[in-house]
Protein chains: 2
Amino acid sequence: MLIGMGRWEPDARGRMQRAALELFAERGYEQTSAGDIAERAGVTERTFFRHFPDKREVLFAGTPMDEAMHDGVLAAPEHATPHEAALAGMCAGAALLEERRDYAALRARVVEATPPLRERELLKSAAMTAATYRALRTRGVSEPVADLAAHSAVTVFRVGFLRWVDARNDAAQQSFADIITATAAELRALM
Amino acid sequence: MLIGMGRWEPDARGRMQRAALELFAERGYEQTSAGDIAERAGVTERTFFRHFPDKREVLFAGTPMDEAMHDGVLAAPEHATPHEAALAGMCAGAALLEERRDYAALRARVVEATPPLRERELLKSAAMTAATYRALRTRGVSEPVADLAAHSAVTVFRVGFLRWVDARNDAAQQSFADIITATAAELRALM
DNA sequence: TACGCGATGACAGTCACTGACATGACGTGT
DNA sequence: ACACGTCATGTCAGTGACTGTCATCGCGTA
């Protein structure tokens with residue numbers, strides 16, 4: 001019952017997500033309790049756990065990257081190879097972040113510095129791989145090829161993401177999609 | 001006198017690890033408390049947390065895969081390409097498991113079925129990537145190439161591991177190292 | 001106005017983990 | 001043999017992450 005805070009201010013979920021990112025960036029993940037986040041958002045701790053299954057998920061809920069990739073793979077041209085189709089899925093996922101580089105970069109810094117959050121991010125990456133794999137299978141790609149293509153495409157996505165948000169790349173900034181294409185070309189040359 | 005010998009019953013650490021795998025396989029991770037594991041191992045809960053930083057780590061402590069990979073990369077022939085050197089590191093890591101396929105397969109099943117354990121395993125994979133990257137850098141490989149080579153090599157390792165422990169492959173069983181080599185060749189053909 | 005629905009608050013409880021202190025076994029020196 | 005130091009362990013209290021349960025509040029609707 002905080003003063004000036006009505007019981008049902010709109011967008012409680014968004015307020016909690018913003019409060020969490022702020023607090024994690026200010027004093028760190030370990031030094032921030034779920035109650036702290038809830039308090040800054042003007043709700044109770046119980047409400048926090050009604051919106052998010054656990055403390056980590058507050059930074060990840062709301063951007064269904066895996067679905068975007070799944071659909072992106074299916075939307076690739078008929079004649080595309082499995083690898084090309086998978087990369088098209090990665091670009092579809094990249095499109096979800098393309099307009100929010102600053103936010104993505106701040107969030108990435110916080111996640112990078114916090115092992116529990118890194119774990120959760122890696123699990124999300126695994127979900128992307130699974131979604132890409134399923135979409136490739138739907139396109140008729142064989143199990144082993146879909147498996148490898150999905151894994152390597154998500155690898156390219158993750159490496160590309162780190163390059164995209166890298167603070168040193170501020171001068172000549174490419175789009176996330178372009179970086180993914182360039183990273184994939186590098187990988188091809190490597191082998 | 002023997003090094004590392006326990007003062008009470010010997011090998012408390014190993015007993016706890018075996019008890020944990022048994023209990024997780026029997027009734028599941030969530031239905032097993034740290035106290036349950038400790039009890040079966042004949043120690044107290046407090047002792048469990050003296051040996052393992054958290055409940056998940058009990059299934060992962062004791063096999064320094066990342067170090068093996070690091071050393072394996074450095075041991076690769078001078079003339080090896082970055083990609084070849086990275087794969088040599090993967091084979092060095094694979095050697096740590098080669099003699100324990102049944103144990104590795106059971107553990108993999110438990111981990112696969114338990115999101116919190118999957119998260120931890122993915123973090124271990126990230127540590128392998130980091131160790132491989134560092135070793136490649138020591139060999140004089142450039143940052144972007146080492147980055148991609150390490151990521152794709154660990155991807156090959158993980159895909160190869162799943163194939164190695166796949167129950168359907170019981171008949172004509174190849175070695176883990178051979179599967180890694182074959183998987184790498186498949187990936188090359190894919191691109 | 002009465003009613004139902006959905007989101008929230010309040011409260012108690014379990015479990016993962018941690019710090020502080022006591023105790024038991026073992027090795028060593030005398 | 002005996003005292004002492006050391007180290008793994010036992011004991012206990014405490015915090016924080018989460019969950020179940022029930023009461024409450026705001027709003028739409030008959």
Side-chain angles (χ1 to χ4, degrees), chain A residues 1-21 23-24 26-62 110-111 114-120 123, chain B residues 1-21 23-24 26-62 110-111 114-120 123:
Chain A
M1 45 209 61
L2 298 175
I3 320 299
M5 192 66 73
R7 194 173 188 180
W8 273 297
E9 290 298 317
D11 195 26
R13 191 186 194 78
R15 286 202 320 275
M16 286 188 277
Q17 291 187 296
R18 283 186 290 275
L21 182 56
L23 288 167
F24 292 169
E26 287 171 16
R27 32 170 143 143
Y29 175 85
E30 306 283 356
Q31 283 63 46
T32 303
S33 76
D36 294 336
I37 301 171
E39 188 181 7
R40 179 169 295 200
V43 294
T44 61
E45 183 185 322
R46 191 64 185 90
T47 292
F48 177 89
F49 286 110
R50 282 204 182 88
H51 282 269
F52 309 104
D54 59 61
K55 183 181 162 188
R56 303 167 186 184
E57 196 68 14
V58 66
L59 280 197
F60 297 92
V110 171
V111 170
T114 313
L117 294 176
R118 282 200 61 187
E119 283 191 332
R120 181 55 48 85
L123 196 61
Chain B
M1 84 194 60
L2 298 174
I3 316 165
M5 192 169 67
R7 272 64 177 176
W8 265 253
E9 291 302 312
D11 197 25
R13 191 187 193 78
R15 286 201 322 272
M16 286 189 276
Q17 291 186 296
R18 282 186 291 275
L21 182 57
L23 287 168
F24 292 169
E26 287 172 17
R27 30 169 145 144
Y29 174 85
E30 306 283 355
Q31 283 63 45
T32 303
S33 76
D36 294 336
I37 302 172
E39 188 181 6
R40 179 169 295 199
V43 295
T44 62
E45 182 185 323
R46 191 65 184 88
T47 292
F48 177 89
F49 286 111
R50 282 206 182 89
H51 282 268
F52 308 104
D54 61 60
K55 184 180 161 188
R56 303 167 185 185
E57 196 68 14
V58 67
L59 280 198
F60 297 92
V110 171
V111 170
T114 312
L117 293 177
R118 282 201 62 190
E119 284 190 333
R120 180 54 50 85
L123 197 61

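Protein chains get the first letters and strands the later ones, always in sequence-line order, with residue 1 at the start of each. All values below were derived from every heavy atom in this structure, side-chain atoms included, with hydrogens, water molecules and symmetry-related copies excluded.
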* To do: Mind listing the residues from residues 27-42 of chain B sitting with a heavy atom below 4.0 Å of DNA chain D? Number order is fine.
  => none
* Structure fact -> Residues of residues 45-53 of chain A with a heavy atom under 4.0 Å from any atom of DNA chain D, listed by number, are A:E45, A:R46, A:F49, A:R50, A:P53
* Figure out the CD/P separation between A:E119 and D:dA17, and round it to whole Å. => 16 Å
* Asked: In whole angstrom, what separates B:R15's CZ from D:dT9's C1'?
  -> 12 Å
* Asked: For B:R15, what residues pass the salt bridge (Lys or Arg N to Asp or Glu O under 4.0 Å) criterion, not counting sequence neighbours?
  -> none
* Structure fact -> By salt bridge (Lys or Arg N to Asp or Glu O under 4.0 Å), B:E57 pairs with (sequence neighbours left out) B:R120, B:K124
* Partners of B:Y29 by ring-ring contact (aromatic ring centres under 6.0 Å, His included), sequence neighbours excluded? -> B:F24
* Could you tell me which non-hydrogen atom of B:V110 sits nearest to which non-hydrogen atom of B:L117, and how far apart they are? => CG1-CD1, 4.0 Å
* Structure fact -> With sequence neighbours left out, the residues meeting side-chain hydrogen bond (donor to acceptor under 3.5 Å, both in side chains) with A:E30 are none
* **A:D36: side-chain hydrogen bond (donor to acceptor under 3.5 Å, both in side chains) partners, not counting sequence neighbours** => A:R27, A:S33
Can you list, pair by pair, the side-chain donor-acceptor contacts under 3.5 Å of residues 45-53 of chain B, counting residues two or more places apart and other chains?
residue: B:T47; atom: OG1; partner: B:T44; partner atom: OG1; Å: 3.4
residue: B:H51; atom: ND1; partner: B:R13; partner atom: NH1; Å: 3.4

* With a 4.5 Å heavy-atom cut-off, do A:D11 and A:R18 have their side chains touching? -> yes
* Considering heavy-atom distances to DNA chain D, does B:T44 or A:K55 have its closest nucleotide positioned more toward the 5' end? -> B:T44
